[in-house]
Protein chains: 2
Amino acid sequence: MAIQTTDKRTLLVETALQLFYQQGIHAVGINEVLKAAGVAKKTLYSHFASKEELIAATIELRDRRLRGWLEFCLTEQPDGAPAIKAIFTALDDWFNERVEMLGPFRGCFFINASAEYGEADCPIFQRCQQHKLALRQLMLKHCEVVLGPGEEAEQLCDSLVLLKEGAIISAHLLGDKSAALKARDSAQKLIGVAGLMGVSGLMGRL
Amino acid sequence: MAIQTTDKRTLLVETALQLFYQQGIHAVGINEVLKAAGVAKKTLYSHFASKEELIAATIELRDRRLRGWLEFCLTEQPDGAPAIKAIFTALDDWFNERVEMLGPFRGCFFINASAEYGEADCPIFQRCQQHKLALRQLMLKHCEVVLGPGEEAEQLCDSLVLLKEGAIISAHLLGDKSAALKARDSAQKLIGVAGLMGVSGLMGRL
DNA sequence: AATCAAGGAGACAGACCTGTCTACCCAGAC
DNA sequence: GTCTGGGTAGACAGGTCTGTCTCCTTGATT
């Protein structure tokens, strides 16, 4: 994760993201970010009005990066069940730190950030929420390919989202680095059940 | 959650837990805890060597309280599948703030705390981990009643834990207060599949 | 060569943090 | 009545935090 850029703003956001993700947001002061980035305080405050704006920028960066990476992981996959499987496989790569872009695994930055800024009306919390909603939308798209649009796809999507979030927590807090693969297995079972209950015969696609 | 006690130590821990849970640990200073509790600083430092010890005590209190509540919810239930169902029903009560003892829902205190104290060698992180392991043990007990001891019960248990953790995150971050019921449905499907794959005929017990 | 803008370095203000310490109060034991 | 221990109240030290401001360097442009 060596940072290489001439754009000071980008450099600051990259550095802050690294530190915030590794140590927690409240635990990292502005001065620490500045020292690590080798940037002067004046420069920071010419780009951001406050620490809170810097935090918001790190969340946006992480959001772009995580979604970009996930979409990249799906480029080779057909939509529907294979893509869903690939999402969980991608999580496994993340947990086991095979994705250099995402850095050492320390849980989900959005979950962590919203633990520190958990008021529902806080802009930081809302950005975290938007990220999770966007990922749910991605999941829903593939569920609809499997089951067709409708209530059943929504239900399957919700279940898969639960498994995904649960896997992130288990990988971090329980230290279970195989959580993504367990979630993938469970996901396949749920897709199978949903297929059986809906249009029969789809289970074979798994 | 009106606190009523003459024991200063208990009063401090109760107050600190409330504030830490609602606002985050780093976001609440010692002085704020003291003011809310109406206790002098000297008293605090006669019971705890540092803020960190107070934090540890709040985690222990929350652990005792949450596990006690969960076990109480299971007293009327037979072991196995009904107990598992009851666990998710209890989560639903929690998310929708029908459990006064647990206070307004703001996610999982242990997940939140480990977001702020996420180093694997940090004692606070380890206490959070122990809590999650204890709950997994409870879940495993009931999975073993359903499937008998062995690899399959472990697998089912892992899946159910994923659903449980995912439900907590979805309820908090996505604001989906019905996450526990969705998780309960998914859990029943997974128990059904596991039953089918293992000793057949157990699915009827659901 | 002269000018000028961007950024580096860091002092500083004012607030807040943890943790210590002093001074006082008051109920109960003797 | 006197003493004592537990508690209150809060000043204080020493540190860190965010955010502002000043002084200086440097490199590009005119």
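From a predicted model like this one, the values you see are computed outputs, not experimental measurements. Residue numbers begin at 1 in each chain, while the letters A, B, ... track the order of the sequences.
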Trainee: By the salt bridge (charged side-chain N to carboxylate O under 4.0 Å, His left out) test, which pairs, at least two apart or in different chains, include something from residues 131-140 of chain A?
Mentor: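 Found A:K132-A:E165, A:R136-A:E154, A:R136-A:D158.
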Trainee: Give the rounded distance in Å between these two atoms: CG of A:N31 and C1' of D:dG15.
Mentor: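 Between C1' of D:dG15 and CG of A:N31: 13 Å.
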Trainee: Angle class for the A:H172/A:F105 ring planes (parallel below 30°, perpendicular above 60°, tilted otherwise)?
Mentor: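 Perpendicular, since the angle between the ring planes exceeds 60°.
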Trainee: Tell me: CZ of A:F20 to C1' of D:dC17, nearest whole Å?
Mentor: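 Taking CZ of A:F20 and C1' of D:dC17, I get 13 Å after rounding.
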Trainee: Applying side chain to side chain donor-acceptor pair (under 3.5 Å), can you list everything that pairs with B:E60, at least two apart in sequence or on another chain?
Mentor: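 With sequence neighbours excluded, B:E60 shows a side chain to side chain donor-acceptor pair (under 3.5 Å) to B:R127, given in chain and number order.
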Trainee: At their closest point, which heavy atom of A:L190 faces which heavy atom of A:S159, and how far apart are they?
Mentor: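 Closest heavy-atom pair between A:L190 and A:S159: CD1-CB, 3.8 Å.
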Trainee: Using heavy atoms and a sub-4.0 Å distance, could you list which residues of residues 35-51 of chain A are near DNA chain C? By number, please.
Mentor: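 Here the set is A:G38, A:V39, A:A40, A:K41, A:K42, A:T43.
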Trainee: CD1 of A:I30 versus P of C:dG14: gap in Å, rounded?
Mentor: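 So the two atoms are 20 Å apart, to the nearest Å.
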Trainee: What integer distance in Å separates B:Q23:CD from C:dC17:P?
Mentor: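 My rounded result for the distance is 11 Å.
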Trainee: Quick one: A:H26 NE2 to C:dC16 P, roughly how many Å, whole number?
Mentor: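 A:H26 atom NE2 is separated from C:dC16 atom P by 14 Å.
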Trainee: Using side-chain heavy atoms (C-beta onward) and a distance below 4.5 Å, is A:N31 in contact with A:L34?
Mentor: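 Of all side-chain heavy-atom pairs linking A:L34 with A:N31, at least one is under 4.5 Å.
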Trainee: Please state how far atom CG in A:L12 lies from atom P in C:dG7, giving the value in whole angstrom units.
Mentor: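 Those two atoms, CG and P, are 10 Å apart.
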Trainee: Does the ring of A:F110 carry A:R62 above it, NZ/CZ under 6.0 angstrom from centre and within 45° of its axis?
Mentor: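 No, a cation-pi geometry is absent between A:R62 and A:F110.
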